Amino acid sequence: MFAALLAPAAVCQDPVVEQKQEERRLAQRALDNSRSQLERLVDMRLRYDLGIISSLDEDVVRVEGGAGSRDLEQMNHDLDNLQAKNTVLAGEYDKVRRLVDDLHAKAMAAANEVDPGQFVPVPRQGERAATTTSGAAAPAGRDVVTAPAQPQQPVAAHDPQQVLLATLELDPPQAQIHGSEDHQRVAQSLFKAGQALLDRAATLRAQAQEQAALLRAQGHDEAAQQRVQGQAQAARLRDDRGRERLDRALAELAPLLGQDEPPYVALFYQARCLELLFRFDERYGDLTLGSTDYQKRAQQVRAPWVQITARDVIEQGADSVPQPGPWSAAAKTAMEHFRWMNINGRYDAAPKIDEITWPGADRR
């Protein structure tokens with residue numbers, strides 16, 4: 001009787017039986033997981049068909065067996081590695097954030113040195129531009145600084161030093177670009193500034209000749225020479241400032257010109273900058289009609305215009321002759337003007353009276 005009672009206990013303690021029971025529990029858990037995933041998959045498919053969700057969850061679609069002790073250890077190990085990496089990345093992020101905060105504080109301190117009332121917000125491209133205190137439209141940028149006009153001091157009539165200082169007084173700045181990603185607009189502003197400086201230099205030289213002629217007529221030869229020298233120095237300084245802005249305009253156009261098909265407006269401004277630099281070297285450099293670099297530089301000026309004429313062509317029909325577009329016509333006109341100035345630009349339309357040969361003058 002006692003042996004019969006111990007028999008069920010011995011069966012329950014059999015390792016084979018315990019292993020089978022453990023396998024049954026694992027199989028039952030895997031079955032429950034599969035049923036749960038199947039129910040979620042059916043629910044997600046219904047939601048997907050109704051348009052509520054746009055994609056299925058891969059974790060639900062993939063059906064795997066239950067996780068064992070080895071899988072749990074591997075997951076814990078991977079979790080520890082991820083936490084260690086996260087700690088390192090968090091430390092690096094804190095360092096970079098502190099550096100950014102320091103730079104931002106320095107930038108704000110530098111910006112606070114200027115009166116905030118002088119800053120005028122400028123809208124982005126396509127929006128209506130704000131106006132400065134002088135009423136002129138502000139160029140595109142992110143911040144614009146306006147400055148009041150400076151009163152000009154009276155200049156002595158025959159003092160070349162005073163004339164030089166007075167001619168260096170530029171117009172009051174209407175705006176200053178602090179930062180802009182519009183390379184085309186920045187290059188356009190730089191080109192206009194350089195062109196204005198070169199034009200003012202030419203005006204100074206013309207005024208110097210007129211004033212010198214008037215002084216010589218009054219018998220002030222020394223004063224006339226001083227006036228010409230002073231105006232020539234002031235004109236050269238303006239020309240140098242203009243060339244600097246033209247070089248910066250070409251550098252600003254470089255990202256646009258590096259494209260496979262640069263915009264027509266960028267090519268046109270490139271040619272105009274090169275043309276003004278060509279004239280600068282004609283006046284102050286060794287660029288003459290007989291020099292070896294003359295034709296090379298002239299070809300560099302014409303190259304952007306030639307590229308525009310080759311691209312801007314309007315196809316009206318299969319049998320019709322292609323017609324040049326508006327940019328092509330403008331480029332051809334600019335090339336013709338450049339050629340005419342190279343040939344006739346040095347012509348003096350006001351010759352001296354003694355150099356004119358009258359009919360019959362040789363017979364007298």
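Please read these numbers as outputs of a predicted model, since none were measured by experiment.
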> Between Phe268 and Tyr264, is the gap from one ring center to the other below 6.0 Å?
Replying inline: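 Aromatic pair excluded; centres sit 6.0 Å or further apart.
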Spacing of [atom1] belonging to [X] relative to [atom2] belonging to [Y], to within rounding of 0.5 Å:
X	Y	atom1	atom2	result
Ile308	Leu267	CD1	CG	5.0 Å
Glu92	Lys95	CD	NZ	5.0 Å
Arg245	Cys273	CZ	SG	13.0 Å
Asp240	Phe280	CG	CZ	4.5 Å
Asn342	Gln295	CG	CD	8.5 Å
Trp305	Leu274	CH2	CG	8.5 Å

Any salt bridge linking [X] with [Y]? Criterion: basic side-chain nitrogen under 4.0 Å from a carboxylate oxygen.
X	Y	answer
Asp239	Arg243	no
Glu244	Arg241	no
Arg97	Asp94	yes

Examine distances only and state if a side-chain atom of [X] and a backbone atom of [Y] form a donor-acceptor pair shorter than 3.5 Å.
X	Y	result
Asp312	Trp327	yes
Arg283	Arg279	no
Thr203	Asp199	yes
Asn33	Arg29	yes

>> One pair to check against side-chain contact (heavy atoms from CB on, under 4.5 Å): Leu190 and Leu250. What are the steps and the verdict?
In response: CA-CA 9 Å; Leu190 291 171; Leu250 289 175; over 6 Å; no
Where is the tightest heavy-atom contact between [X] and [Y], given as atom of each residue plus distance?
X	Y	result
Arg311	Pro262	NH1-O, 2.7 Å
Ala235	Arg205	CB-NH1, 3.7 Å
Phe191	Leu276	CE1-CD1, 3.6 Å
Pro304	Gln270	CG-OE1, 3.4 Å
Arg238	Ala201	CB-CB, 4.1 Å
Pro255	Glu252	CD-O, 3.3 Å

>> Run Arg98 and Asp102 through salt bridge (charged side-chain N to carboxylate O under 4.0 Å, His left out) and show every step you take.
In response: CA-CA 6 Å; Arg98 288 193 296 268; Asp102 294 340; over 6 Å; no
>> Distance to the ring centre below 6.0 angstrom and angle to the axis at most 45 degrees; does that hold for Arg302 and Phe338?
In response: no
>> If you apply the rule side-chain contact (heavy atoms from CB on, under 4.5 Å), what do you find for Glu22 with Glu18, and how did you get there?
In response: CA-CA 6 Å; Glu22 181 67 22; Glu18 292 181 356; over 6 Å; no
>> I'd like to know whether Glu39 forms a side-chain contact (heavy atoms from CB on, under 4.5 Å) with Asp43, so could you lay out the CA-CA distance, the side-chain angles of the two residues, the decisive distance to 0.1 Å, and finally the verdict.
In response: CA-CA 6 Å; Glu39 292 176 357; Asp43 181 69; over 6 Å; no
Side chains of [X] and [Y]: closer than 4.5 Å at any heavy-atom pair?
X	Y	answer
Gln184	Pro263	no
Asp293	Asp281	no
Met341	Glu282	no

> Should Arg272 and Val301 be marked as a side-chain contact (heavy atoms from CB on, under 4.5 Å) after you check the CA-CA gap, both sets of side-chain angles, and the distance that decides it?
Replying inline: CA-CA 8 Å; Arg272 292 290 288 119; Val301 176; over 6 Å; no
